[in-house]
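Okay, so here's the structure we're looking at.
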Amino acid sequence: MKNLYLPELVTIEDITNEAPDVVTFRLVFKDEALKESFEFKTGQFGLYSALGLGESTFCIASPDTRKGYIECTFRKSGRVTGALAAMSVGDTMGFRGPYGNAFPIEDWKGKNLVFIAGGIGLPPVRSVIWSCLDKREDFGDITIVYGSRAVADLVYKEELAHWEERDDINLVQTVDPGGETPEWKGKVGFVPTIVKETAPKADNTIAVICGPPIMIKFTLSALEELGFSDEAVYTTLENKMKCGVGKCGRCNVGDIYVCKEGPVYTAAEVKLMYNDF
Amino acid sequence: MAKKILKRSDLTKLVASVGKAGGAFVAPKAVANGLVEYVFIKKADEIEFDYIVPGKSFKEANFPQTEVVARFKNDPEGVTVEGVELNPPRVVIFGARPCDAKSSESLNSVFTWDFIDEFYTKREDAMVTITVACTTGDNACFCTSVGIKPDDTDGSDLLLRETEGGDFTVEAVTDKGKAFIKEEKAVFTEGKATPKERTIFEPRKLDVDLEKIGEYLKDTDHYEGDLWADMARKCIGCGSCTYACPTCHCFDITDEGGFSETERRKNWDSCQFDFFTLHASGHNPRDRQYKRWRNRFMCKFNIYPGKFKTKGCVGCGRCVRVCPVRLDITEVMEEISGA
Amino acid sequence: MEKQLQDKARELLESGKADVIIGYGWNRDKSHTTPVFIKKAEDVGKLVFNKLCVNNLSVYLTRKYPDVYAMGKRAIVAKGCDIKNIVVMMSEGQLKRDEVHIIGVTCDGVIFDQDAWAKAEDGSADMGAELKDAVTATKCHNCDVRNPHLTDTLIGDKSNFTPPDEPVGFVFDKIKDIEKMDSRDKWQFWMGHFSRCIKCYACRQVCSLCYCERCISDKNMPQWIETSAHLRGNLAWNLIRAQHLTGRCTFCGECERACPANIPLNVINQKMSLVMGEAFDYKSGYDPKEHPPMIVFNPDEDKDDFIK
């Protein structure tokens, strides 16, 4: 019988400590056949199990251009994430997925890209960034604006350093006022303000944003001011989920089931939704 | 041609025969002071005939309050997961009401859109629904206002009507029902004439317009406004309405057990609970009780009919009866219909 | 009496002494009463008081209702038994005396079994003395606060009812029955009832003394109570709730009334109250300055030393 709620076993192949209480796992399916056949699209999510303690929902933070493994980045905050964070390389956990829709990256060929993320909102954007960087020649200018509360809270520090070095990416890093350190070379200010300052050209450009609800709200209006159309702005909604397959009834925003019809939406779609966030 | 008859006295034989064939028999039974519920019964004399609708619908038969979906073992040799393999026996639901029978279609529509939840469908496939048309009801009943009749056949495999003498006339609705009659032909007898049937209950007709409610809810601006807070301020946020409701489908997935052996369960959950939508970050999209109540109303009159093309509300009246503060969904329906 | 109540409500609203009156109103077909929140003086006609006003409205004074709190200064229509809960809330620091205007109503008892009552009303059942006893809540048969004990305004005629010396009624009969059982039968009795629990938490939600923002049943680090509605989880939940109410419960009966599974929660909670009465000579809900025994600990008075 096909059991929707049965997780697959995965092994933790690598662990990176990103920031205080934030870790990235690289996961590989135990089942050899599945390891070969597993496919997903950038933007999709999964349910990760600390077997015996429960499941949590995170996006797949690695790009679909890289096969053989998946990555997830999460903040230790509850029973499941606490148990996962205590695990070591070689340990076994569970995975169900991939679920949900994806970013229509194919449709963006020839366009400029702006990625905007705040705090722990970078993981879903990071998978899009790498998906695009792995096909760099398909796209025009790439701008990344990433901010967090404090320098320590920036995730993917190694990758940020790498993007900083590349001359085919314009990376703008910022921390909230008061979150800077003496060594900090980036900007100081809230993400929406920095987006306005950076002022990427709206013409022929796609924007992808993810972060806390308040950041998304103000960034959307900043982008609107800069002339971005709502159809050119993408975001990914993160609601609480248990089943991931449109049954358990908690991720809905009005009549929209985020787990099945989302999590990726354009700003135009978000604006049509019920105020149920 | 005269209708087939099921004699009340033959129920003993029917229960025994279903059991003998390996099936289970679910029927209304008085389980506590003033409370009738659908439960598994072994003998026909456990069946309660004097009820309007049991406390909870029979959705439990297909969607149990709690069920194990997988088991995990963690021992020195490694971790193993094992999914539960479901092979449900035939389950005969006796004494269903037309409102409940209709609700199976609604639950099915959720559990089968795109992904198919076989924990639900396998049980439903093995179920025979024998409905008894309503000859009794109360002020909370409002099925006719949502397009269901108290002797509707929809959703039932067999529809029984009580006769003046206390027996039942039998109408086969589906092929499954016809096959069941054939299998149990000893109890479904044919008389010369159809005995007189008891009068069907006529529930009160509400002044509601489902289409208008649907249209009202389509306008996202109507999600704001004082209506919801005013109507639902008294809601205490218990899950009674959702657990009694035949079409409420929300559930939780939770792991429990010891260190080495644990199980994953699918448990009823309720959109009325504040933790239901609480994010790990502390943000809660439905941070007020009226928003949670609004969501349930939305689910019944927009999401079900709009998205799943089935009925969100079958008018059984359970949510009205069980509500400790008498928050009456029909009042809100009428309010919006008149808006 | 209703006139008096409505006049008082109007006066409170018009003078600004209250911004909202939490009271009872009729439901659509006047078969039940339902909580109403009256904000405008012109709406005071909606306020009613009668035998069907069974709800304990004090739950709306808890911090579970930020929206009610935000409505401004609260006045509440309360029977003596409801006021007991307000007293416990005050003694536990949940409510200050000046935060609520208590409109106490004298009461002759409320109808617990409203369906049976309805049948008597519409003539399909005989409302003899026997039925009247049966449909009236056990607490009412033994009530010593028919004339409310802590009020800002008192409405209604003085009651001359004197409660019996020995408590009477279904709940106490049942307690006596259970006391006679052996442990095995007691266990079976309760497991039989708890097996029906559906974990809807109506008992908790309707209770004004279950005011925790995070109930132990919602905690999962560690998970004290399994959330599944199986015997293990149901037993844990019902027993832990009974313990958390020990010495605090005022026997308002709301949990049992709200329970869709008809679990006799009054029996377990009242048994605990009897035990508290015997052990500490304490009854909850009378004096806002007195703390329930199970929530106070004084090292100086502790006879044992295991906790020191």
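First the proteins, then the strands, lettered A, B, ... as listed; each starts at 1.
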- Task: Walk me through it: do N74(B) and L51(A) pass the test side-chain contact (heavy atoms from CB on, under 4.5 Å)?
- Result: CA-CA 9 Å; N74(B) 191 0; L51(A) 297 167; over 6 Å; no
If one checks every heavy atom of K30(A) against chain B at 4.5 Å, the contacting part turns out to be neither
All heavy atoms of V79(B) vs all of T92(A), minimum pair found to be CG2-CB, 3.8 Å
Looking only at R71(B), E261(B), K266(B), most heavy-atom pairs under 4.5 Å shared with chain A are made by K266(B)
| query | Is the count of non-hydrogen atoms from other residues, nucleotides or ligands lying under 6.0 Å from K122(B) atom NZ greater than 12? | reply | yes
Honestly, the part of N252(A) sitting under 4.5 Å from a heavy atom of chain B is both
Requested in this report: Give a yes-or-no answer on whether the side chains of S281(B) and R75(A) include a donor-acceptor pair shorter than 3.5 Å.
Outcome: no
Counting heavy-atom pairs under 4.5 Å with chain A, the top scorer among R286(B), E85(B), H249(B) is R286(B)
inquiry  = salt bridge (charged side-chain N to carboxylate O under 4.0 Å, His left out) for D255(A) and K307(B)? Distances and angles first, verdict last.
reply    = CA-CA 7 Å; D255(A) 62 339; K307(B) 191 179 211 77; 5.4 Å; no
The reported gap from OH in Y274(A) to NE2 in H222(B) (rounded to nearest 0.5 angstrom) is 10.5 Å
For residues 291-302 of chain B against chain A, heavy atoms under 4.5 Å, the residues are R294(B), N295(B), M298(B), N302(B)
Is it the case that the side chain of K240(A) and the backbone of P285(B) share a donor-acceptor pair, with hydrogens and angles ignored and the cut-off at 3.5 Å?
no
If one checks every heavy atom of Y304(B) against chain A at 4.5 Å, the contacting part turns out to be neither
Check: Would you say the side chain of E118(B) lies within less than 4.5 Å of the side chain of N3(A), judging by non-hydrogen atoms?
Finding: no
To the nearest 0.5 Å, atom CG of D255(B) lies from atom CZ of R79(A) at 7.0 Å
When the 4.5 angstrom heavy-atom criterion is applied to F276(B) and chain A, the contacting part is both
Bottom line for I256(A): the part with an atom under 4.5 Å from chain B's heavy atoms is backbone
Value for SG (C271(B)) from CZ (R250(A)), rounded to nearest 0.5 Å, stands at 10.0 Å
Assert top hit (heavy-atom pairs under 4.5 Å, partner chain A, pool D269(B), D219(B), T80(B)) equals D269(B)
Does any part of the side chain of S49(A), heavy atoms only, come nearer than 4.5 Å to the side chain of F72(B), both counted from C-beta?
no
By residue number, those in residues 103-116 of chain B with heavy atoms under 4.5 Å from heavy atoms of chain A are V110(B), F111(B), T112(B), W113(B), D114(B), F115(B), I116(B)
Residue from C248(A), G249(A), P7(A) scoring the most non-hydrogen pairs under 4.5 Å with chain B is C248(A)
SG (C243(A)) and CG (D252(B)) are apart, to the nearest 0.5 Å, by 10.5 Å
(request) For K157(A), look at atom NZ and say whether over 12 heavy atoms of other residues, nucleotides or ligands are found less than 6.0 Å away. (result) yes
If one checks every heavy atom of M241(A) against chain B at 4.5 Å, the contacting part turns out to be neither
key: Side chains of V81(B) and E8(A) in contact at under 4.5 Å (non-hydrogen atoms)   = no
Turns out that what part of P212(A) lies under 4.5 Å from chain B's heavy atoms comes down to neither
Turns out that what part of L272(A) lies under 4.5 Å from chain B's heavy atoms comes down to backbone
Between A280(B) and S77(A) the two heavy atoms that sit nearest each other are CB-OG, 3.5 Å
* **Heavy-atom side-chain contact between H283(B) and I214(A) under 4.5 Å** => no
Assert top hit (heavy-atom pairs under 4.5 Å, partner chain B, pool D91(A), D276(A), T81(A), N239(A)) equals D276(A)
Bottom line for T220(B): the part with an atom under 4.5 Å from chain A's heavy atoms is both
Any donor-acceptor N or O pair under 3.5 Å, side chains E224(B), N275(A): yes
Do any N or O atoms from the side chain of Y5(A) and from the backbone of D117(B) form a donor-acceptor pair under 3.5 angstrom? no
Is the closest side-chain heavy-atom distance between F119(B) and M1(A) below 4.5 Å? yes
Turns out that what part of F74(A) lies under 4.5 Å from chain B's heavy atoms comes down to neither
Checklist entry - Are side-chain heavy atoms of L6(A) and R264(B) found at a separation under 4.5 Å? => result no
Checked K247(A), E238(A), K242(A) vs chain B; the most non-hydrogen pairs under 4.5 Å come from K247(A)
